[in-house]
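Sequence positions, counted from 1, serve as the residue numbers for this chain.
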Amino acid sequence: MGTTPRAGRAQRPAYPDDGRRLLIVTADDYGLTVAGARAVLRAHREGVLSSTSVLALGPAVERTARWLADEPALSVGAHLAVVGEDPPLLTRREIPTLLTRAGRLPLTWSGFLTRAAAGLVDPADVEREFEAQMQRLTRDLGLSLAHVDTHQHLHLWPAVGRVTVEVARRWNIPGVRLPSSRSGGPRGHGIRLLSRALGRRIRGAGLATPDGYAGLDEAGALHLPRFLAAVDAVGASTARTAEINCHPGEDGDPDLSRYAWGYRWGAELAALTSRALRDAVARHGFVLGGYRDLPAVAGA
């Protein structure tokens with residue numbers, strides 16, 4: 001069911017068949033900090049945010065997960081992670097190839113891919129850790145999940161993508177994010193190649209994913225002009241369904257000081273709650289919603 005692009009707590013009409021299009025605006029990293037979770041909920045109540053991805057490894061996830069029950073119009077997904085500053089759920093004995101010599105997950109996607117390309121990562125370890133995170137989100141925290149994605153878009157890597165799709169199917173999750181890039185040069189070209197392969201895998205498994213996407217190129221810097229440009233980009237495309245992922249937060253959040261990402265958390269929250277962004281969403285004929293609003297996959 002979709003939400004209309006308006007301020008305040010939105011109603012959720014059925015996904016329309018009148019030519020309008022579906023836009024999923026997803027906040028990643030829910031549960032990273034308490035203030036960040038508050039920002040996500042504010043962006044939903046007062047702005048265009050329609051979905052969030054919950055980080056099972058987030059230090060604040062146990063405290064903040066229960067707040068989602070008060071927001072039935074906010075679609076919820078799993079933000080699975082095998083990189084980042086926060087420790088995994090499983091031990092070194094259970095996932096030996098995921099940890100560095102220092103006993104930590106690689107900080108970034110590049111560190112993970114360097115090890116994976118060298119054959120040092122066992123996909124079975126990724127699957128075990130992802131399974132533990134799914135159990136935490138669903139069985140321990142009681143969340144009902146509509147989609148799966150990964151921290152730092154790591155499921156673009158084929159081995160991780162294969163595991164992510166298998167996990168989504170096993171847990172009866174209807175959708176998987178399909179990140180891509182509009183940037184030029186070798187990096188953008190490589191991401192698009194990986195994205196096309198991942199899209200074939202997702203759809204071949206009978207899972208849903210939006211036709212269009214933005215957010216990877218702009219990660220952590222979706223201030224209002226860039227957010228408007230992202231909406232215009234997906235709006236100008238032929239995609240009938242699209243996702244934009246973002247990272248709202250509160251300026252001055254002391255719990256973010258340990259994450260050296262350089263994100264503009266407060267600027268993204270301001271963009272999400274702005275009238276200009278609501279107007280842009282409406283101008284392109286988008287209805288806001290979540291992954292359960294995606295049209296069924298043909299033949300699934």
- line: From the list Tyr259, Tyr30, Trp261, Trp109, ring-ring contact (aromatic ring centres under 6.0 Å, His included) with His151 holds only for Trp261
- prompt: To the nearest 0.5 Å, what is the distance between CG (Leu57) and CG (Asp29)?
  reply: 10.5 Å
Indicate yes or no for a side-chain donor-acceptor contact from [X] to the backbone of [Y] under 3.5 Å, with no hydrogens or angles considered.
| X | Y | result |
| --- | --- | --- |
| Arg278 | Val48 | no |
| Arg104 | Leu99 | no |
| Thr97 | Asp122 | yes |
| Thr138 | Gly142 | no |
| Ser195 | Ile191 | no |

Modelled atom types, side-chain donor and acceptor of Glu243 and Thr26, under 3.5 Å: yes
field: Val25/Cys246 under side chain to side chain contact (heavy atoms under 4.5 Å, CB included): CA gap, chis, key distance, verdict
entry: CA-CA 7 Å; Val25 182; Cys246 55; 4.3 Å; yes
field: Aromatic contact, Trp265 with His223 (centres under 6.0 Å)
entry: no
field: Taking every non-hydrogen atom, the tightest pair across Leu178 and Gly199
entry: CD1-N, 3.4 Å
statement: Of all heavy-atom pairs linking Arg182 and Asp217, the shortest is N-OD2, 2.8 Å
